[in-house]
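Report on one structure; see the data block that follows.
Atom set for the values below is all heavy atoms of this structure, side chains included, hydrogens, waters and symmetry mates excluded.
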Amino acid sequence: MEIIRDLNELLNWRQAQAKAVRNVAFVPTMGNLHNGHLNLVKAAQSRADRPSVLVSIFVNPMQFNDINDLARYPRTESDDIALLTRINVDAVLLPNEADLTPETDAFTIRIDPGELAAHWEGAARPGHFTGMATIVTKLFHLVQPQVAVFGEKDYQQLQIVRRMVRDLNMPIEIVGVPTTRAEDGLALSSRNRFLEEDQRRTAPLFHSTLVDTAHQLSLGKPLDSVLENARTRLTSAGFKLDYLALCHPDTLDPLRTAESGILLAAARLGAIRLLDNQPVVIE
């Protein structure tokens, strides 16, 4: 596996792939890799065209609105490199922060995700999606992939990236990969390791409540009462909800009546913030 830390090295690697007539599949991450990330890599590797797979590891300061949260974010570079080596990734990009977030504002472009970021994570974490979209755009420009792979756990992020690629005419196929879960249903996350024992036992209720809520809606039960029951169930168990809503799967606008869509939810359990979603199908 090639380890790339310099943008000139990245340019040379990318030119070598073009010379070999190999497509590039790109998996952007913030590191602290777990099985969810590895499943994104495996999805990239399983493409029919057998592309070269490049994984980036960059803790993006622009998408944190809390400097303490940025400082706490786990950084496990050597372990991440070992994991990627074991699953035969072609290259890993470890960019210098100064290359992607220069100190000067003389010529700084920020990507505004607009209405797709108006609700949910965009409201709970002001500036988060502008920072994410700006750095992902820069990485797309540098890597020039044919395919980029993202997890469906961060559903709003995935929809923003898809819209951004479409609106900015980027020739990149965006692939979403289903959420990887622990055996008890909890969506894997880099922050889960900070859950205390009793919190970890409670945490699976977050996903099971979403599954049950989706089922109740599929049976034709009224949206408002079903959502209120779900919120009560979670808050009674100790979750502090940021939001729980049924949304249009593309626009992410909140739906006012029960119809097919996506349940989006975020909540804190102690100091740890959980994020999840669940499709709702009403025939």
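Inter-residue side-chain proximity for Phe150 and Val136 is flagged as met; some heavy-atom pair is nearer than 4.5 Å. Two residues are said to be in side-chain contact when any heavy atoms from C-beta on lie closer than 4.5 Å; Leu252 and His119 fail this criterion. Between Ser260 and Ile282 the shortest side-chain heavy-atom distance falls below 4.5 Å. By the 4.5 Å heavy-atom criterion applied to side chains, Phe239 and Thr209 are not counted as neighbours. When side chains are defined from C-beta on, Met62 does not count as touching Leu100, because their heavy atoms never get closer than 4.5 Å. Considering only heavy atoms from C-beta on, Asp69 comes within 4.5 Å of Arg191 through its side chain.
Distance alone, capped at 3.5 Å, places no donor-acceptor pair between the Thr251 side chain and the His248 backbone. Lys221 places no side-chain N or O within 3.5 Å of a backbone atom of Gln216 that could act as its donor or acceptor partner. Judged by distance alone, with hydrogens and angles left aside, the side-chain atoms of Thr235 form a donor-acceptor pair with the main-chain N or O of Thr232 at under 3.5 Å. A distance-only check finds a donor-acceptor pair linking the side chain of Asn192 to the backbone of Ala187 [under 3.5 Å]. Within the 3.5 Å criterion, the main-chain N or O of Ala43 finds a donor-acceptor partner in the side chain of Ser46. With Glu228 contributing its side chain and Asp224 its backbone, the two residues share no donor-acceptor pair below 3.5 Å. Side chain of Arg231 to backbone of Leu244: a donor-acceptor contact under 3.5 angstrom is found. Put simply, the side chain of Gln156 gets close to the backbone of Glu121: a donor and an acceptor are under 3.5 Å apart. Not a single donor-acceptor pair under 3.5 Å links the side chain of Asp212 to the backbone N or O of Ser208. Proximity of a side-chain donor or acceptor of Thr134 to a complementary backbone N or O of Ile111 within less than 3.5 Å is detected.
Leu142 and Val165 fall within a single hydrophobic cluster, where Ile, Leu, Val, Met, Phe, Trp and Tyr side chains are chained together by heavy-atom contacts under 4.5 Å. Both Ile262 and Phe129 are assigned to one and the same hydrophobic cluster, defined by single-linkage of ILVMFWY side chains at heavy-atom distances under 4.5 Å. Residues Phe140 and Leu54 fall within the same hydrophobic cluster, defined by Ile, Leu, Val, Met, Phe, Trp and Tyr side chains chained together at heavy-atom separations under 4.5 Å. Clustering ILVMFWY residues whenever any of their side-chain heavy atoms sit less than 4.5 angstrom apart, transitively, puts Leu11 in a cluster other than the one holding Val143. The same ILVMFWY cluster, assembled from side-chain heavy atoms under 4.5 Å apart, contains both Ile135 and Leu7.
Apart from Val27 itself, the hydrophobic cluster it occupies contains Met1, Ile3, Leu33, Leu38, Leu40, Val41, Val53, Val55, Ile57, Ile81, Leu83, Leu84, Ile87, Val89, Val92, Leu94, Val147, Val149, Val175, Val177, where clustering links Ile, Leu, Val, Met, Phe, Trp and Tyr at side-chain heavy-atom distances under 4.5 Å. Grouped with Met30 in one hydrophobic cluster are Val59, Phe64, Leu70, Tyr73, the linkage being side-chain heavy-atom contacts under 4.5 Å among Ile, Leu, Val, Met, Phe, Trp and Tyr residues. Hydrophobic cluster membership of Leu188, counting Ile, Leu, Val, Met, Phe, Trp and Tyr whose side-chain heavy atoms lie under 4.5 Å apart directly or via other members: none, as it forms a cluster of its own.
Residue Leu219 qualifies as enclosed at atom CG: its count of foreign heavy atoms under 6.0 Å is above 12. Counting non-hydrogen atoms of other residues, nucleotides and ligands closer than 6.0 Å to CD of Glu197 gives a total of 12 or fewer. Other residues, nucleotides and ligands contribute at most 12 non-hydrogen atoms within 6.0 Å of the CD atom of Glu115.
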TODO: Start with the C-alpha distance between Asn32 and Arg193, add both sets of side-chain angles, then the distance that settles side-chain contact (heavy atoms from CB on, under 4.5 Å), and finish with yes or no.
DONE: CA-CA 11 Å; Asn32 193 229; Arg193 67 177 61 186; 3.0 Å; yes

Task: side-chain contact (heavy atoms from CB on, under 4.5 Å) assessment of Asp90 paired with Arg22 - done: CA-CA 12 Å; Asp90 296 281; Arg22 292 200 70 185; 4.1 Å; yes

Open item on the list: Let's go through Thr202 and Asp198 carefully: what are the C-alpha distance in whole Å and the side-chain angles of both, what is the deciding distance for side-chain contact (heavy atoms from CB on, under 4.5 Å) to 0.1 Å, and is it a yes or a no?
Closed with: CA-CA 6 Å; Thr202 301; Asp198 59 334; 5.6 Å; no

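One distance of note links CG of Leu186 with CZ of Arg201; it measures 14.0 Å at 0.5 Å rounding. Atom NE2 of residue His34 and atom OG1 of residue Thr76 lie 10.0 Å apart, to the nearest 0.5 angstrom. Atom CH2 of Trp120 and atom SG of Cys247 lie 4.5 Å apart (nearest 0.5 Å). Taken from CG in Leu269 to CD in Gln199, the straight-line distance is 5.0 Å, to the nearest 0.5 Å. From Ser218, atom OG reaches atom CD of Glu283 across 8.5 Å, with rounding to the nearest 0.5 Å. Here Leu246 contributes atom CG and Leu263 contributes atom CG; the two are 5.5 Å apart, rounded to the nearest 0.5 Å.
Ser56 and Pro28 get closest at one heavy-atom pair: OG-CA, 3.2 Å. Between Asn65 and Ala124, the closest heavy-atom pair is ND2-O, 4.1 Å. Shortest non-hydrogen contact noted between Pro113 and Ala117 is CG-CB, 3.6 Å. For the residue pair Met132 and Val161, the shortest heavy atom distance occurs at SD-CG2, 3.9 Å. The two residues Ala214 and Pro279 come nearest to each other via the heavy atoms CB-O, 3.6 Å. Heavy atoms only, all atoms of each residue included: Tyr243 and Leu264 are closest at CD1-O, 3.6 Å.
Sorted by first then second residue, the salt bridge (charged side-chain N to carboxylate O under 4.0 Å, His left out) pairs that include residues 152-174, not counting sequence neighbours, are Arg47-Glu173. Applying the salt bridge (charged side-chain N to carboxylate O under 4.0 Å, His left out) definition to pairs two or more places apart or across chains, those involving residues 242-256 are Asp242-Arg273.
Under a 4.0 Å N-O distance rule, the pair Arg75/Glu97 does not qualify as a salt bridge.
Side-chain polar atoms of Thr180 and Asn39 form a donor-acceptor pair below 3.5 angstrom.
For Asn68, the side-chain contact (heavy atoms from CB on, under 4.5 Å) criterion is met by Asp66, Arg72, not counting sequence neighbours.
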